[in-house]
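These notes are about the structure you will find just below.
Throughout, residue positions are numbered sequentially from 1 according to the sequence presented. Only a predicted model underlies this, so the values are computations on that prediction, with no experimental measurement involved.
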Amino acid sequence: MNRPFKIVTEAAQSFSFSRRATMLGLGQGAVGLVLAGRMAWLSVAENQHYKLLSESNRVNMTLIPPRRGWIVDRHGAPIADNRTDFRVDIIPDRLEHKEQTLSLLSHLLALTADDLDRIQTDLKRAAGFQPVQVEQNLDWERFAAVSVRIPEMPGVAPTRGFARNYPLGAAVAHLVGYVGAASAEQYEKEKNPLLVTPGFKLGKDGLEKTLEDRLRGKPGAKRIEVTARGKLVRELATRPDIPGQTVRLTIDAGLQEYAARRLGPNSGSVVVLDTLTGDMLAMVSMPAYDPNSFSQGIGRMEWKMLSEDDHVPLMNKVLQGLYPPGSTVKPMHGLALLQNGVDPDRTVFCGGVLQVGRGRFHCWKRGGHGAINMHRAIPQSCDIYFYQMARELGYDRFAPTARQMGLGAQYDLPFVSQYYGTVPDSAWKEKKYGKPWTVADSINASIGQGYLLVNPMQLAVMAARLSSGREIVPRILLDQPHRPAASLNLDPEHIRVIREAMWSVVNHGGTGGGARMYVDGVDMAGKTGTAQVRRITMADRRAGRTGNASFPFKLRDHALFVGFAPADNPRYACSVVIEHGGHLITNQDAPQTAADVMTYMFDRDLAMKRLLAAEETWGGDIATRMAAKRAAFMAAQNAPVPPPPEDVDSARSNVVEAAATTDRTAAPNAAAEGSPEDGE
């Protein structure tokens, strides 16, 4: 069907054109309004945002790591402070010619092969944004030599700032810990740009880690005007950093260093407490690492040496070491007997052995002590006396007093890891092993063997509570006024009996004569102890292996001592544990170590005289011996040494856990051999 032909007139064309022009104009107007509105929005509402973006293109801002707060002792002496540090870092994502740059840095900074291996390893592990330390603690000449060659080494960042410093070195390693660069995992968790700022380090262990929030401070900022190509135009205003808080400890830095040195080449610990307030005056675990070395970035050789050392320098033995307390618990067990109505004058016959069923339990003195009561049993450390009492009463009557004296307790201390030990009883054994408590279990526990395990801090608390009758709780932060500890409401007559017996241990023919202080007007009261690591078998006896000298280091007995002074008016209490010491060397034994440490509190000149004489026989002070040991270790390495683990903090914990687990259990039937007090 054909459509009718439409005639287009001039008027129709004019109308159509006008309508289209109007619509086009409206569209253009709408677009113009949108553009005008957008321009108004950008210039008014978004003004600040784009101004900041523009400023960021013109100005580079770099965070300035805050200075860490100091850690000081009770007298204000620095334990951890800061010093000016010239350092050189590499920013991996800005590094262009790695081998050429490392070669030039090696020449300018005199880097060793071990240093270069560490840097290569860190570069492989680091994220692009994470700075890798090349060297720190530089002198001005080497720092300036790098600074003038910066155009030749893209990615190299010389920095002037502050570094952590530990004036006492290894003597405070397990007390304060150390600082180190943040790991990639820590950055991913916090997303804090400060963590990847060159030169910034955070606490990795000890008080440095647990008090990080107080010690860190707030970063500053450095602003630099640059061109579009990143060239420096001028430096702008700098916002200063705000240092962290100063933390004051109860520790006496002089005593801390003395006790660390006095432990000599031993593997062991010393704790000294104030018997009025519970203030920790010294908390020493040796051997130890140098926290200055850890904070600078540990090398391959040093990590291998520390992690393989059978003295476990990575372990804080005060809080992580667990030991059978041996005869050091006999005064406490004497108190338990008094609390259960036992007359201290009651006599028990010690013939050297006690027959219980088919088992024979020996006294350390093979010939026996004859008729003996509590007044003599504690000074002479008679095992048969305590065997007989435990046989009659059962250890369930002893355990409450052990807990009252602080054993098995968890103390609120700012440290990452503590092991709390065990105060066993029948309910504990039934729950843990599903077996009934036996007479043999009571006999073993009565002389501090078997299932009974403690750490050195608990031993010091026990000594402090026995000496004062107060509920001493150890503290290390001096952020509150001194307050005397609450009373334990013990019978004063019971305390008198125990204190007199402990005085006799040291000063009246007891087993602890080596702990005499020889300070006018000051006597120490205490108790020796020997903790067996393994039972001496009949095969050992037939082979003549009965003394500690016959066994390798790890199989020797631990030597222990707890005490307080002055004996007549106690003010300080201590514990000393010498791992695998075996009472073999007199001036390295626990009683004499305790005597010298306590002497320092009353006559420092005499104490130092004794120490210097002893160090001459040990090969010098701590730093000298550590340097000699490192040199000998490095000389003995023939094969290539693997790099240290990426997360040293975690790997260190694994080493500690393995060592602690190995030594947690004593010889299960140690009482069958008696408590070996010979040599004390």
Side-chain angles (χ1 to χ4, degrees), residues 52 55-56 58-72 76 78-91 94 126-127 129-140 143-144 146-147 150 156-167 176-184 186-187 189-226 232-249 291-292 294-297 477 479:
L52 291 175
E55 182 73 3
S56 67
R58 184 181 70 89
V59 177
N60 283 345
M61 186 173 74
T62 303
L63 290 179
I64 300 174
R67 288 161 287 175
R68 289 183 72 80
W70 285 25
I71 300 176
V72 300
I79 293 177
D81 58 15
N82 304 311
R83 52 175 174 72
T84 302
D85 176 42
F86 296 108
R87 57 181 291 115
V88 173
D89 295 306
I90 290 177
I91 311 301
R94 299 179 187 172
F129 51 76
Q130 186 178 11
V132 169
Q133 175 184 301
V134 175
E135 189 65 280
Q136 64 179 5
N137 305 325
L138 294 172
D139 53 55
W140 171 251
F143 179 76
V146 173
S147 298
I150 284 300
V156 175
T159 308
R160 180 176 181 175
F162 294 91
R164 203 58 161 165
N165 179 54
Y166 304 95
V176 298
Y178 64 97
V179 297
S183 65
Q186 288 171 316
Y187 176 76
K189 180 180 179 180
E190 296 189 29
K191 295 296 185 181
N192 185 346
L194 177 62
L195 298 186
V196 292
T197 300
F200 174 75
K201 294 184 178 180
L202 73 168
K204 289 285 189 175
D205 191 38
L207 297 177
E208 291 278 25
K209 183 173 184 177
T210 57
L211 301 178
E212 175 67 21
D213 291 343
R214 295 174 61 176
L215 294 170
R216 179 180 293 188
K218 296 183 179 180
K222 182 179 181 182
R223 300 172 68 241
I224 301 174
E225 184 176 357
V226 295
L232 175 65
V233 176
R234 57 173 175 159
E235 291 190 5
L236 303 176
T238 298
R239 184 184 72 205
D241 65 297
I242 300 176
Q245 301 175 27
T246 295
V247 175
R248 191 177 178 194
L249 307 182
N292 292 299
F294 260 61
S295 298
Q296 293 166 16
L477 299 179
D479 50 9

### Query
Is any side-chain heavy atom of Glu208 closer than 4.5 Å to a side-chain heavy atom of Arg68?
yes

Between the OG atom in Ser295 and the CG atom in Asp85, the distance rounded to the nearest 0.5 Å is 11.0 Å

| query | Do Asp241 and Pro65 have side-chain heavy atoms sitting under 4.5 Å apart? | reply | no

Salt bridge check: are Asp479 and Arg248 linked by an N-O gap of less than 4.0 Å? no

Original post:
So do the side chains of Arg214 and Gln245 get within less than 4.5 Å of each other, counting heavy atoms only?
Top reply: yes

Side chain to side chain contact (heavy atoms under 4.5 Å, CB included) evaluation trace for Leu477 with Leu211: CA-CA 10 Å; Leu477 299 179; Leu211 301 178; 4.0 Å; yes

Going by heavy atoms in the side chains, are Leu207 and Ile79 under 4.5 Å from each other?
no

Hey, is the main chain of Tyr166 close enough, under 3.5 Å, to the side chain of Asn292 for a donor-acceptor pair?
yes

For Pro167, the side-chain contact (heavy atoms from CB on, under 4.5 Å) test, sequence neighbours excluded, returns Asp81, Asn165

Distance col, row Leu215:CG vs Arg164:CZ, nearest 0.5 angstrom, shows 6.0 Å

Rounding to 0.5 Å, atoms CZ (Phe86) and CG (Asp139) come to a distance of 9.0 Å

- Message: Is the shortest side-chain heavy-atom distance between Val132 and Asp89 below 4.5 Å?
- Response: no

Sequence neighbours excluded, the answer for salt bridge (Lys or Arg N to Asp or Glu O under 4.0 Å) partners of Asp213 is none

- request: Please report the C-alpha distance between Leu202 and Gln186 in whole Å, then the side-chain angles of each, then the deciding distance to 0.1 Å, and finally whether the side chain to side chain contact (heavy atoms under 4.5 Å, CB included) criterion is met.
  value: CA-CA 10 Å; Leu202 73 168; Gln186 288 171 316; 4.0 Å; yes

Under 3.5 Å, side chain of Lys204 to main-chain N/O of Ala181, donor-acceptor pair present? yes

Nearest heavy-atom approach of Ile242 to Pro66 is O-CB, 3.9 Å

Can you say whether the rings of Tyr178 and Phe294 are parallel (under 30°), tilted (30 to 60°) or perpendicular (over 60°)? perpendicular

CD1 (Ile71) and OG1 (Thr246) are apart, to the nearest 0.5 Å, by 9.5 Å

key: Flag side-chain contact, heavy atom, 4.5 Å: Glu135 against Arg87   = no

- Item | Val72 side chain near Val247 side chain, heavy-atom distance below 4.5 Å | no

Taking the side chain as C-beta and beyond, is there a heavy-atom pair between Lys218 and Leu194 under 4.5 Å? no

Interatomic distance, CH2@Trp140 vs OG1@Thr84, rounded to 0.5 Å, equals 12.0 Å

side-chain contact (heavy atoms from CB on, under 4.5 Å) filter on Glu190, not counting sequence neighbours, yields Asn192, Leu195, Arg216

